[in-house]
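Okay, so here's the structure we're looking at.
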Amino acid sequence: MDRFPQRFGKYILLDRIASGGMAEVFRAKVTGAEDFHRLIAIKCILPHLVEDEEFCRMFIDEAKLASNLSHANISQIYELGDHAGRLYIGMELISGFNLREITRRIQKLGLRMPDSLVAYIISKAAEALDYAHQMKSLDGAPINIVHRDVSPQNILVSFDGAVKLVDFGIAKAEQRLTETQSGVLKGKFSYMAPEQVRGKPVDNRSDIFALGCVLWELLVGKKAFQGKTDLEILEKVRNPRLKPVHQVDSMVSEVFTPILQKALASNPDKRYQRAHEFAEALQPLMIDQKVIVGSRVASEFMN
């Protein structure tokens, strides 16, 4: 799929916008009667994985799981399909960048994201997580979704200033078909919670820890847990010892320190117990010169 545009079933692929270890994402157009057209994102499983039953099952699970989530801060899933033997997910197209790309661009330009905007982005991501964590099945039973891959790459900010949580590809849920192998770590090491590294059960509070890591990174411009090797990173996460964030970077307001200390507590019982509590702790910080920072300010910053 290197030449564009090209036909892909009922879609026209316009260009490739992302590629990872499991899938690639294309900007696509779907057309209809009376010159109707709509731009969406098409996420396709990589060609060399089409025969891998485990990857295909994970891909299908992601689509089924995410299709049940309808929230302003979660990327919407439209359909799961199969074209010429390749599974694909039709999903909401987010015109913007993920936080990893934004951070790199900011550093390259010598800029700094305002603390109030950081608070807005993380607060909205926390609201998305809380919605997913509290999701119930049709019969009212808790689904117990845990994203398990909350990281800068999976939080997008659009040019309209919207914040979107994406990629539930390795999410854990009670009703999930694909079972995680015992002892297999899934997710990005620098954003894992201590209990995950220790091989203990994970729950919604593990996602809160990961989002705390993202908040730290946006504030100081570097990861909370770094190392020369994966093993070194895992050891630091296993027994986290972080300085107060305002001591790491004097430009960061001290008001973030107690929030981060609670989000990044080694003991899950000492963290925020619900993601909405994390969001609410950040909301008072979304005020800049008596103006509540929201999508308009985010849009201006992105543009």
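The shown structure was predicted, so the numbers you read here are calculated from the model rather than taken from an experiment.
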Task: Cluster link I122 to M113, ILVMFWY, side chain under 4.5 Å - done: yes
TODO: For residues P114 and F301, report the shortest heavy-atom separation together with the two atoms involved.
DONE: CD-CE1, 3.8 Å
- [ ] Just say parallel, tilted or perpendicular for the rings of F97 and F159, cut-offs at 30° and 60°.
- [x] perpendicular
Task: Sole candidate of V214, V118, N154 that passes side-chain contact (heavy atoms from CB on, under 4.5 Å) when paired with L99 - done: V214
- [ ] Check whether any side-chain heavy atom of Y272 sits under 4.5 Å from a side-chain heavy atom of I259, and report yes or no.
- [x] yes
- [ ] Measure the shortest side-chain to side-chain distance between L69 and I77 over non-hydrogen atoms and say whether it is less than 4.5 angstrom.
- [x] no
Open item on the list: Can you see whether E217 engages T103 through a side-chain donor-acceptor pair at a distance of less than 3.5 angstrom?
Closed with: no
Open item on the list: Are the side chains of V150 and Y191 in contact, using a 4.5 Å heavy-atom criterion?
Closed with: no
TODO: May I ask you to test the V248-K222 pair for a side-chain heavy-atom distance under 4.5 Å?
DONE: yes
TODO: Using the side-chain hydrogen bond (donor to acceptor under 3.5 Å, both in side chains) rule, pick out the option among E195, K200, Q196 that qualifies with S206.
DONE: E195
Open item on the list: Is it true that S158 and D160 share a donor-acceptor pair across their side chains at a distance under 3.5 Å?
Closed with: no
- [ ] Check the side chains of R38 and Y78 for a donor-acceptor pair under 3.5 angstrom, ignoring hydrogens and angles.
- [x] yes
TODO: Taking the side chain as every heavy atom from C-beta outward, state whether V50 and I45 have any atom pair closer than 4.5 Å.
DONE: yes
Open item on the list: Any heavy-atom pair between the side chains of F278 and L129 that's under 4.5 Å?
Closed with: no
- [ ] Output yes when a side-chain donor or acceptor of R205 lies under 3.5 Å from a complementary backbone atom of Q273, and no otherwise.
- [x] no
- [ ] Assess whether atom CG of L39 is packed by more than 12 heavy atoms of other residues, nucleotides or ligands within 6.0 Å.
- [x] yes
- [ ] Check K223 against Q226 and note the closest heavy-atom contact, atom names and distance.
- [x] O-NE2, 3.4 Å
Task: A128 backbone acceptor or donor facing N73 side chain under 3.5 Å - done: no
Task: Side-chain donor or acceptor of E280 paired with backbone N/O of E277 under 3.5 Å - done: no
Task: Check: Y88 ring centre within less than 6.0 Å of H83 ring centre - done: no
- [ ] Would you confirm whether D130, through its side chain, and A126, through its main-chain N or O, come within 3.5 Å as a donor-acceptor pair?
- [x] no
Open item on the list: Are there over 12 heavy-atom neighbours, none belonging to E51, within less than 6.0 Å of that residue's CD?
Closed with: no
Open item on the list: Name the residue from V245, I121, L260 that meets the side-chain contact (heavy atoms from CB on, under 4.5 Å) definition with L215.
Closed with: L260
Task: E254, CD atom: more than 12 neighbouring heavy atoms under 6.0 Å - done: no
Open item on the list: Do H37 and T31 pair up side chain to side chain, a donor and an acceptor below 3.5 Å, judged on atom types alone?
Closed with: no
Open item on the list: Hydrogens and angles aside, do Q283 and Y120 bring a side-chain donor and acceptor to less than 3.5 Å of each other?
Closed with: no
- [ ] With the side chain counted from C-beta on, respond yes when R238 and R198 share a heavy-atom pair under 4.5 Å apart, and no when they do not.
- [x] yes
Open item on the list: Check this for me, if you would: do R148 and D167 make a salt bridge, where the nitrogen-to-carboxylate-oxygen distance has to be below 4.0 angstrom?
Closed with: no
Open item on the list: Between the side chains of R296 and E300, is the shortest nitrogen-to-carboxylate-oxygen separation below 4.0 Å, so that they form an ion pair?
Closed with: yes
Open item on the list: Would the distance check show the side chain of S266 and the main-chain N or O of P240 forming a donor-acceptor pair, the cut-off being under 3.5 Å?
Closed with: no
Open item on the list: Quick one: does any side-chain atom of Q107 pair with a main-chain N or O of G221 as donor and acceptor, under 3.5 Å?
Closed with: yes
